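Report on the following structure.
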Amino acid sequence: MGHFGKTPVLIAGAGFSGLALAAQLLEHGEHVVLIGRAEHFARGTAYGDAWREHLLNVPADRMGLRAGAPAAFADWLGLRDDARRQFRPRLEFGDYLAQELDALRARHGDRLRCIPANITAITRTANPGWQVALDSGETVASDRLVLALGAAATPDTQSNSAIIRQPWARGALSTIAADSSVLILGTGLTMIDMVLALQVQGHRGPITALSRRGRLPLLHPQPPLPPTPPPTALLGALERGDVRTALRQFRVAVDGGSSPASLADGLRPLIPQLWRGWPLSARRRFLRHLRPWWDSVRHRVAREVFSTLKRLQGDGRLRIRAGHLIDHAAGHAHIRWRGERDIAKIPADFVIDATGWDGERSRYAAHPALAALIADGIVRIDPLGLGLDCDSDGRIPGVDGLHLIGFLRRGECWESTAVPELRAQAAALAERLAAY
């Protein structure tokens, strides 16, 4: 469809989600304005601030920008045979995305405008509908706006320099001395990234990683296994929102010979529909009781990374523990280990928060791009603090021309952060916007 009589689509956020959407919109003949932080443009935080040692958690032949060409990244690298299933460096994927942006600019000319700037405010206007203010002093406006912000950084109000609440910020770990003791909150993929980054900068002090369950991500099976369709009893329990029975049935399937990884991969396409069918109470139970287990089997790590973690554990330099942080002061953390009544005291010169945004409603309210929208009641934080309220198409209910893609949709469909889901969202949203 052509662009006659339309304003351009504004995309707030120039990471993977924003770039994937821009590519699809341009193929529909739309004009696009892509806005993002200069240092992360086209790469986003995930692929712009990584270290060389940070690997993708998805094989190269499944990381293409477009839904119709999932193997495009492996093709771009020129990989053949088994090498196409390697877990490549995230910085390398960032280079691929930057090249894709260059190709879009060359192919579509002035139909794509890129603005490397920080958003200072988004406001609703009578005409054309949405106005985005930038730190350059410029404003851009349109009747179609997409928030593709990802887990973007917000102003850090924490005055205690020993507590690092934004570990992906540039230089966030630079104050940690080589012999410092470190406590990392969270035992998932971000924790692993922080451990690897610390090793690269020569850290040799003790590291304790703490979470409620103390579960590490599982190892990616090699060679990769095909997805296993969920057994009837497991699927039935999930459809009812009975998370306790679902976990029991998952374990029954594993005891019967199924791979946890292939079972999780078989469930993955069904998760959004299941999640939407659950009442809020079932979603809360999932987050409280089932999520640590789900994350460990769903968000897996490459063998090279897993081997590094095991080596550090074997050397006594990394401990993975289950428990709860009570407080941190004067270079020590007070922790109640899981299953124990007494509070333990361990050295912790620094605390790194690797737990993500879940439930952090204040972070959304403080985000420059969201603050005015939330304060004016135009958008609402979803009840679980996972993102913003939206419908199953990513539209803000009752608000014309405002859409979400990616991270901010987690409250609506849960699985909304990985490349396969994001590029599918981009393709579907581009079709709706082109018909707008």
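Positions are given from 1, in the same order as the sequence printed here. Worth saying up front: this structure is predicted, and the values here are computed from it rather than measured.
Put simply, the side chain of R43 gets close to the backbone of G94: a donor and an acceptor are under 3.5 Å apart. When atom types are taken as modelled, the side chain of D391 and the backbone of D393 share a donor-acceptor pair closer than 3.5 angstrom. The backbone N or O of L386 sits less than 3.5 Å from a side-chain atom of Y364, completing a donor-acceptor pair. Between the side chain of H54 and the backbone N or O of W51 there is at least one donor-acceptor pair closer than 3.5 Å. Panel note: side chain R409, backbone S392; a donor-acceptor pair is recorded below 3.5 Å. At least one donor-acceptor pair under 3.5 Å links the side chain of R84 to the backbone N or O of L79. A donor-acceptor distance shorter than 3.5 angstrom exists from the side chain of D349 to the backbone of S181, with no hydrogens or angles considered. A donor-acceptor contact shorter than 3.5 Å links the side chain of T120 to the backbone of A133. A distance-only check finds no donor-acceptor pair linking the side chain of R319 to the backbone of P206 [under 3.5 Å]. Judged purely by atom type and a 3.5 angstrom limit, D81 has no side-chain atom pairing as donor or acceptor with the backbone of A83.
Atom CD of Q222 is surrounded by more than 12 heavy atoms from other residues, nucleotides or ligands within 6.0 Å. With a 6.0 Å radius and a threshold of 12 heavy atoms from other residues, nucleotides or ligands, R380 has its CZ atom at or below the threshold. The number of heavy-atom neighbours closer than 6.0 Å to CZ of R432, taken from other residues, nucleotides and ligands shown, is above 12. The number of heavy atoms from other shown groups lying within 6.0 Å of CZ (R276) is above 12.
When all heavy atoms are compared, the tightest approach of R213 to P292 is CG-CB, 3.6 Å. Between I396 and D389, the closest heavy-atom pair is CD1-O, 3.3 Å. Residue S296 comes nearest to L216 through the heavy atom pair CB-O, 3.4 Å, listed as atom of the first residue, atom of the second, then distance. Across H334 and D327, no two heavy atoms sit closer than the pair ND1-OD1, 2.6 Å. Of all non-hydrogen atoms in L145 and A12, the two that sit nearest each other are CD1-CB, 4.4 Å. Smallest separation of non-hydrogen atoms from V32 and A22: CG1-CB, 4.0 Å.
Atom-to-atom distance recorded for I184:CD1 and I352:CD1 is 4.5 Å, nearest 0.5 angstrom. Here H328 contributes atom NE2 and I326 contributes atom CD1; the two are 14.0 Å apart, rounded to the nearest 0.5 Å. Atoms CG and CG, from L65 and L19 in turn, are 5.0 Å apart once rounded to the nearest 0.5 Å. Rounding to the nearest 0.5 Å gives a distance of 8.0 Å between CD1 of I115 and CZ of F41. If you take CD on E53 and CG on L91, they are separated by 9.0 Å, rounding to the nearest 0.5 Å. The line from CZ of R113 to CG of L34 is 11.5 Å long, rounded to the nearest 0.5 Å.
Classification of R62 and D265 as a salt-bridged pair fails, no side-chain N sitting under 4.0 Å from a carboxylate O.
Under the salt bridge (Lys or Arg N to Asp or Glu O under 4.0 Å) rule, E100 has a single partner from R107, R66, R423, which is R66.
Annotation: side chain of R410 is in contact with side chain of T417 (closest heavy-atom distance under 4.5 Å). Inter-residue side-chain proximity for V58 and V419 is flagged as unmet; no heavy-atom pair is nearer than 4.5 Å. Proximity of R88 to F93: side-chain heavy atoms (C-beta onward) are nowhere separated by under 4.5 Å. Residues L433 and E30 have side chains not in contact (no heavy-atom distance under 4.5 Å, counting atoms from C-beta outward).
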Original post:
Are L388 and L370 close enough, and set up right, to give a side-chain contact (heavy atoms from CB on, under 4.5 Å), and what steps lead you there?
Top reply: CA-CA 10 Å; L388 302 180; L370 299 176; 4.0 Å; yes
**OP:** Under the side-chain contact (heavy atoms from CB on, under 4.5 Å) rule, what do D342 and W337 come out as? Steps first, then yes or no, please.
**Re:** CA-CA 8 Å; D342 295 336; W337 304 120; over 6 Å; no
**OP:** For D95 and Q99, run side-chain contact (heavy atoms from CB on, under 4.5 Å): C-alpha distance rounded to whole Å, both residues' side-chain angles, the deciding distance at 0.1 Å, then the answer.
**Re:** CA-CA 6 Å; D95 293 341; Q99 186 275 334; over 6 Å; no
**OP:** Let me see the working for L404 and V379 under side-chain contact (heavy atoms from CB on, under 4.5 Å), right down to the final yes or no.
**Re:** CA-CA 11 Å; L404 306 179; V379 300; over 6 Å; no
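When only modelled atom types and interatomic distance are considered, Q425 and S416 share a side-chain donor-acceptor pair under 3.5 Å.
Between W76 and F73, the ring-plane angle classifies as parallel under the 30° and 60° cut-offs. The aromatic rings of W414 and F286 lie perpendicular to each other, with more than 60° between the two planes, well past the 30° mark.
Pairs passing the salt bridge (Lys or Arg N to Asp or Glu O under 4.0 Å) check and including a residue from residues 173-193, sequence neighbours excluded, read R90-D193, D179-R204.
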Could you go through residues 302-312 and list every donor-acceptor pair under 3.5 Å that involves a side-chain atom there, pairing it with any protein atom two or more places apart or in another chain?
from : atom 1 : to   : atom 2 : distance (Å)
S307 : OG     : R303 : O      : 2.9
T308 : OG1    : E304 : O      : 3.2

